[in-house]
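Since the structure comes first, as structure tokens, the remarks are kept for the end.
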Amino acid sequence: MKADRLAATTATFLLLVAGAMAKDPPPEPRIEPASVEALKSMGKHLQELKTFSLRATTTTEVVLDNDQKLEIGGTATYEVRRPDRLRIDLATDSVHGELVYDGKTIVYASPDQNVYAQVPAPPTIKDTLSEAAQKYNLAFPLADLFSWGTDDAPLDLIKEGFLVGHAFVNGKEAEHWAYRGVDQDAEVWIATEGVPLPLKISLVDKDDLTRPRITSVLEWTENATIGEDVFSFKPADGASKIKFLAEGAAK
């Protein structure tokens, strides 16, 4: 009799659990169509910008082995003349670097160490940044902006997208959008006054269990006047030319 009562109780419990699961299925991923259109509109305008400068104030979380999070601040300044001129000056609490691309070669210099490396480069900014990341492990904040508005824009990676609400970034009105992908969560604040420029971007790395975040606040100068000398690299006195690690391995 005790065994019968136990079996009946267990069966009842399983039925209740099954019923609860049937009533409350996991929420379906949602992609608001407007969230995708916002990115397309942003990308279209970014591709229309032929000459511009961009200053990004970045905050990056670094996670120590004991799971303590540190905040590293910095700035990245982009000077761009499409299709084949780019300069990036990177200055963080821990790294100083310069990337100069003149349409033929890419140079990465470390002023603190007074060294630089130089290699041939593809004929466009987007391809050059992609090769720098994949081949030489040179990753820069906001490099993905050069893919938006092209066939390489990662729209197919979006699993969820929705409007968080209205916000202000440096006094400018924006719409705050949130997105989820397989390995990354993203938030983008896109200007609603004037042209749809991204004013702030925040990314969370989901592949890392500690979920580190990098946030960039952007200041744009459209149609900037940039001289050709900006894209011409001149080594500092006493600077040593070295090879990228990948370049040395290949040889």
Side-chain angles (χ1 to χ4, degrees), residues 53-80 86-100 106-117 129-148 154 157-162 164-165 167-172 174 176-190 197-220 236 239-240 242-246 248-249:
S53 62
L54 167 63
R55 177 183 172 85
T57 302
T58 63
T59 302
T60 303
E61 288 183 345
V62 175
V63 185
L64 303 181
D65 291 339
N66 63 358
D67 290 336
Q68 180 180 0
K69 286 187 177 183
L70 304 181
E71 183 177 287
I72 305 298
T75 60
T77 302
Y78 285 69
E79 294 176 281
V80 179
L86 171 68
R87 182 186 180 96
I88 304 175
D89 290 281
L90 181 65
T92 74
D93 297 340
S94 57
V95 176
H96 292 172
E98 300 173 1
L99 180 142
V100 181
I106 182 174
V107 178
Y108 183 77
S110 174
D112 293 342
Q113 298 175 333
N114 206 22
V115 297
Y116 69 97
L129 288 175
S130 177
E131 182 171 293
Q134 296 176 15
K135 193 172 181 179
Y136 304 113
N137 200 30
L138 290 176
F140 295 91
L142 310 175
D144 288 345
L145 286 179
F146 292 91
S147 294
W148 288 105
L157 299 181
I158 297 174
K159 305 304 179 184
E160 295 185 45
F162 60 93
V164 177
F168 287 88
V169 179
N170 285 339
K172 297 180 180 179
H176 178 187
W177 299 93
Y179 303 90
R180 303 208 81 181
V182 174
D183 57 5
Q184 192 175 74
D185 287 345
E187 296 170 76
V188 185
W189 288 255
I190 301 177
L197 286 171
L199 302 179
K200 183 178 176 181
I201 297 175
S202 188
L203 304 174
V204 174
D205 183 1
K206 293 166 59 178
D207 281 342
D208 190 326
L209 294 177
T210 61
R211 298 293 194 268
R213 177 186 293 271
I214 178 171
T215 300
S216 301
V217 178
L218 315 181
E219 300 174 72
W220 297 84
S240 300
I242 62 175
K243 292 181 178 181
F244 291 109
L245 289 177

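Model, not experiment: these values are computed from the prediction. This chain uses plain numbering: 1 for the first residue, then up along the sequence.
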Working to the nearest 0.5 angstrom, can you tell me the gap between [X] [atom1] and [Y] [atom2]?
{"X": "Trp189", "Y": "Ile201", "atom1": "CH2", "atom2": "CD1", "answer": "9.5 Å"}
{"X": "Lys135", "Y": "Phe244", "atom1": "NZ", "atom2": "CZ", "answer": "10.5 Å"}
{"X": "Leu129", "Y": "Leu99", "atom1": "CG", "atom2": "CG", "answer": "7.0 Å"}
{"X": "Lys200", "Y": "Glu219", "atom1": "NZ", "atom2": "CD", "answer": "13.0 Å"}

Task: Validation row: Leu157, Val182 side chains within 4.5 angstrom (heavy atoms) - done: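 The answer is no; the side chains never approach within 4.5 Å.
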Open item on the list: In the structure I gave you, are the side-chain heavy atoms of Trp148 and Pro154 within less than 4.5 Å of one another anywhere?
Closed with: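 They are in side-chain contact.
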Got a list of side-chain donor-acceptor pairs under 3.5 Å for residues 53-66, not counting sequence neighbours?
{"unit_1": "Thr58", "atom_1": "OG1", "unit_2": "Gly74", "atom_2": "O", "d": "3.3"}
{"unit_1": "Glu61", "atom_1": "OE1", "unit_2": "Lys69", "atom_2": "NZ", "d": "3.3"}
{"unit_1": "Glu61", "atom_1": "OE1", "unit_2": "Arg213", "atom_2": "N", "d": "3.2"}
{"unit_1": "Asn66", "atom_1": "OD1", "unit_2": "Gln68", "atom_2": "N", "d": "3.0"}

- [ ] Only counting residues at least two apart or in another chain, list the ones meeting ring pair (Phe, Tyr, Trp, His ring centres under 6.0 Å) with Trp177.
- [x] none
Open item on the list: So, using ring pair (Phe, Tyr, Trp, His ring centres under 6.0 Å) as the criterion, who are the partners of Phe140 when residues are at least two apart?
Closed with: none
Give the table of side-chain donor-acceptor pairs shorter than 3.5 Å for residues 106-115, with sequence neighbours excluded, one pair per line with atom names and distance.
{"unit_1": "Asp112", "atom_1": "OD1", "unit_2": "His96", "atom_2": "ND1", "d": "3.4"}
{"unit_1": "Asp112", "atom_1": "OD2", "unit_2": "His96", "atom_2": "ND1", "d": "3.2"}
{"unit_1": "Asn114", "atom_1": "ND2", "unit_2": "Asp237", "atom_2": "O", "d": "3.3"}
{"unit_1": "Asn114", "atom_1": "ND2", "unit_2": "Gly238", "atom_2": "O", "d": "3.4"}

Contacts of [X] that satisfy side chain to side chain contact (heavy atoms under 4.5 Å, CB included) - sequence neighbours left out:
{"X": "Phe162", "answer": "Arg30, Glu32, Val164, Ala178"}
{"X": "Gln184", "answer": "Leu203"}
{"X": "Val80", "answer": "Phe52, Tyr78, Arg82, Leu86, Ile125, Phe146"}
{"X": "Lys172", "answer": "Leu199"}

Task: salt bridge (charged side-chain N to carboxylate O under 4.0 Å, His left out) partners of Glu79, counting only residues at least two apart - done: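 Partners of Glu79 by the salt bridge (charged side-chain N to carboxylate O under 4.0 Å, His left out) criterion come out as none, since no residue qualifies.
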Task: Under the salt bridge (charged side-chain N to carboxylate O under 4.0 Å, His left out) test, residues paired with Asp93 that sit two or more places apart - done: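 Here no residue qualifies.
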- [ ] Just jot down the side chain to side chain donor-acceptor pair (under 3.5 Å) partners of Asp89, sequence neighbours excluded, or say none.
- [x] Arg87
Task: Qualifying salt bridge (charged side-chain N to carboxylate O under 4.0 Å, His left out) pairs, either residue in residues 202-211, two or more places apart - done: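 Found Asp185-Lys206.
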- [ ] Work out which heavy atom in Leu218 is nearest to a heavy atom in Ser216; give both atom names and the distance.
- [x] CD2-CB, 3.9 Å
